[in-house]
Amino acid sequence: MSGGTHVNIDDAGLTLADPTAYADDQRLHAALSALRREDPVHLVDPLPEFNPFWAVTRHADVIEVERQHETFINEPRPILVSAAQDRYTAEHGRMLRTLVHIDDPEHKAMRSVVADWFRPRALREIEVDVRRLAKRSVDKMAELGGECDFAQEVAVDYPLYVILSLLGLPETDFPRILQLTQELFGSDDAELRRGRSPEELLQVLLDFFDYFNRITADRRANPTGDLASTIANARIDGEHLSDADVASQYVIIATAGHDTTSSTIAGGLQALMTYPGEMDRLRRFPGLIPSAVEEMIRWVTPVKEFMRTATTDYELGGKRIEAGESLLLCYPSANRDEAVFDDPFRFDVGRDPNRHLSFGFGAHVCLGATLARMEARALFAELVPRLQWVEPAGEPEWSDTTFVGGLKHLPLRYSIT
Ligand code: HEM
């Protein structure tokens, strides 16, 4: 699919603000290809539902914006939300101030609280646990007796279990956190959302805060050496983090580390089924698993966008961006940019180099990238040799979202050892 069909460029821009477009790869990529080709820095002005924004669709332009984190900042509009939500935040302030909502110098200080936990050396210590959880997930597929909804029954639990074990939270709480995560991140999708009004989203946040404030109190009284204890007991300029800042750290780790990775795993398996030659290659050459995982992350691009707002006038791709205007960094588009990827619409488990931007770039680059890679590699290292055959057992379905998402249903029939 090269997206070569004619698309009206204003319609293409509007597509980026339509959650249903992200559940329809063909429609999305037809729009993105047109934008890259004809107007790579395009003003999308879909009033009244959204405030206007510039869509940045080329790989090089996304990097140009992200590497200048003082010229292009995350506040006040880190992701695309409705104009009503933007207004509500401007009037009431933000309850959730996670790493993606803040800029330097605060961002640097907050990121350093947890950064050590996500470095390769620290993560090597939990690799055995990750492999154990990967094996448990594939064992579950075997127990399900040759038929399952892989997205719902396998891919969803595994990354959440990894991240919540790292945080040190009890397994009995996992279902509750899973539900809250999906309500928060899947809030464009009718099947997943509790509600979409600012008031309803606020209630989801309050539930989150309530849960994590209790954990903080406990870890301050009884530190245990887990990540939750590091967060609860961290000090910046000699002071403990406020309750809201502590809760925000938990929220970003629990949410960012979850749907992103499960979407990669489900979408990765779906891609291997769609291109059985690539599945065979992986069976014959298991050493390709790391590059296969990298390709899955490019292919799926679970995070659809982040936004930045210009602090000064700036010329990008021949367009004049004025101070105060927002730009949408369109990762699915950057990851199919013909200027960077040979044959970008080909799924190639041996792709090298693979300079995808699925983890973003610069000061806010994904903190969990090493962990996400480790999880997906462990899962496919366990799954590929054990899976004798696999075929669809129904239509796959993708979530409606403009932010984070991927397959929400992947019904499969299979034989597994
Ligand atoms: C930030 C993608 C997994 C934690 C981000 C960003 C992207 C991203 C695009 C924003 C980067 C930017 O603004 O330049 C992904 C993808 C994942 C994944 C595609 C899986 C395949 C994880 C995991 C964790 C995690 C497992 C574990 C905790 C974070 C955090 C941030 C972040 C804390 C905020 C960083 C900051 O603003 O400084 N991620 N992520 N992510 N991610 Fe991930």
Side-chain angles (χ1 to χ4, degrees), residues 56 59 62-69 72-75 77-80 96-119 122-123 126 130 133 155 158-167 169 181 185 227-228 230-231 248-268 293-309 327-332 334-335 356-380 403-406:
V56 182
H59 190 280
V62 171
I63 289 183
E64 185 171 337
V65 171
E66 291 220 53
R67 73 160 30 117
Q68 302 182 70
H69 66 275
F72 298 104
I73 58 174
N74 283 39
E75 276 285 37
R77 214 182 162 191
I79 60 169
L80 182 65
L96 195 61
R97 296 183 76 250
T98 76
L99 290 175
V100 304
H101 297 97
I102 57 181
D103 296 287
D104 281 351
E106 203 186 356
H107 172 257
K108 205 174 190 167
M110 289 294 271
R111 189 165 160 129
S112 70
V113 167
V114 288
D116 281 349
W117 282 83
F118 294 94
R119 294 191 207 289
L123 289 173
I126 64 155
V130 173
L133 289 166
Y158 166 59
L160 186 70
Y161 281 25
V162 171
I163 199 70
L164 296 182
S165 318
L166 188 69
L167 277 165
L169 304 181
T181 311
F185 265 21
L227 175 52
T230 300
I231 296 170
S248 295
Q249 288 272 19
Y250 290 134
V251 166
I252 188 70
I253 290 170
T255 54
H258 174 215
D259 274 1
T260 48
T261 313
S262 52
S263 296
T264 301
I265 289 166
V293 162
E294 224 48 43
E295 180 69 339
M296 290 170 186
I297 295 170
R298 179 186 79 92
W299 192 251
V300 174
T301 314
V303 178
K304 311 305 171 195
E305 50 94 7
F306 268 102
M307 294 184 91
R308 298 292 187 266
T309 297
L327 303 97
L328 180 133
L329 307 170
C330 188
Y331 299 126
N335 284 346
H356 68 75
L357 292 181
S358 293
F359 291 123
F361 189 87
H364 286 269
V365 70
C366 177
L367 187 64
T370 306
L371 178 61
R373 289 179 169 120
M374 182 193 280
E375 287 176 56
R377 288 174 190 178
L379 197 276
F380 284 98
F403 183 30
V404 175

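Whatever order the structure lists them in is the order used to number ligands and atoms, beginning at 1.
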**Message:** In this structure, is the centre-to-centre distance between the rings of His364 and His107 below 6.0 Å?
**Reply:** yes

**Prompt:** Between Asn74 (side chain) and Asp103 (backbone), is there a donor-acceptor pair under 3.5 Å?
**Reply:** no

**Complete:** Between Lys304 and Pro332, the two heavy atoms sitting closest are O-CD, 3.1 Å

**Prompt:** Between Ile163 and ligand 1, which part of the residue brings a heavy atom under 4.0 Å of the ligand: side chain, backbone, both or neither?
**Reply:** side chain

**Request:** Determine whether the side chain, the backbone, both or neither of Thr264 has a heavy atom under 4.0 Å from any heavy atom of ligand 1.
**Result:** side chain

**Request:** Answer yes or no: is there a donor N or O on one side and an acceptor on the other, between the side chain of Ser358 and the main chain of Ile297, under 3.5 Å?
**Result:** yes

**Request:** Could you tell me whether Arg308 approaches ligand 1 through its side chain, its backbone, both or neither, with non-hydrogen atoms closer than 4.0 Å?
**Result:** side chain

**Asked** Could a heavy atom of Gly362 be found less than 4.0 Å from some atom of ligand 1?
**Response** no

**Request:** Side-chain contact test, heavy atoms from C-beta onward, threshold under 4.5 Å: evaluate it for Thr309 versus Phe72 and give yes or no.
**Result:** no

**Message:** So for His107, does at least one of its heavy atoms come nearer than 4.0 angstrom to any atom of ligand 1?
**Reply:** yes

**Asked** Given Val62, which of Phe306, Tyr331, Phe361 fulfils the side chain to side chain contact (heavy atoms under 4.5 Å, CB included) condition?
**Response** Tyr331

**Asked** Are Thr255 and Asp259 side-chain neighbours, meaning at least one heavy-atom pair lies under 4.5 Å?
**Response** no

**Prompt:** Counting from 1, what ligand 1 atoms have a heavy atom of Pro302 closer than 4.0 Å?
**Reply:** 19 (C)

**Fill in**
Tyr331 heavy atoms within 4.0 Å reach ligand 1 at atoms 9 (C), 12 (C), 13 (O), 14 (O)

**Request:** Using 2.8 Å as the cut-off, note every protein N, O or S atom close to atom 43 (Fe) of ligand 1.
**Result:** Cys366 SG

**4.0 Å heavy-atom contact, Met296 with ligand 1** = no

**Message:** Checking the N or O distance criterion of under 3.5 Å, is ligand 1 in contact with His364?
**Reply:** yes

**Asked** Is there a donor-acceptor pair closer than 3.5 Å between any side-chain N or O of Tyr158 and the backbone N or O of Glu375?
**Response** yes

**Request:** Pull out every atom of ligand 1 sitting under 4.0 Å from any heavy atom of Val100, numbered as shown with elements.
**Result:** 34 (C), 37 (O)

**Item:** Ile297 N/O to ligand 1 N/O under 3.5 Å
**Value:** no

**Nearest non-hydrogen protein atom, atom 10 (C) of ligand 1** = Phe306 CE1, 3.3 Å

**Message:** How close do Met110 and Gln249 get, counting heavy atoms only, and between which atoms?
**Reply:** O-NE2, 3.0 Å

**Message:** Considering both backbone and side-chain atoms of Arg111, is one of its nitrogen or oxygen atoms within less than 3.5 Å of a nitrogen or oxygen in ligand 1?
**Reply:** yes

**Asked** Between Thr264 and Pro302, which heavy-atom pair has the shortest distance, and what is it?
**Response** OG1-CG, 3.4 Å

**Asked** Should the proximity of Phe361 to ligand 1, defined as any heavy atom under 4.0 Å, be assigned to the side chain, the backbone, both, or neither?
**Response** backbone

**Prompt:** Ignoring hydrogens and geometry, is there a side-chain-to-backbone donor-acceptor pair from Arg298 to Asn335 under 3.5 Å?
**Reply:** yes

**Asked** Is there any N or O on Glu66 that sits under 3.5 Å from an N or O of ligand 1?
**Response** yes

**Request:** Determine yes or no for a side-chain-to-main-chain donor-acceptor pair under 3.5 angstrom, with His101 supplying the side chain and Thr98 the backbone.
**Result:** yes

**Prompt:** If you measure every N/O of Thr261 against every N/O of ligand 1, is any gap under 3.5 Å?
**Reply:** no

**Prompt:** Which heavy-atom pair separates Leu367 from Ala115 by the least distance, and what is that distance?
**Reply:** CD1-CA, 4.1 Å

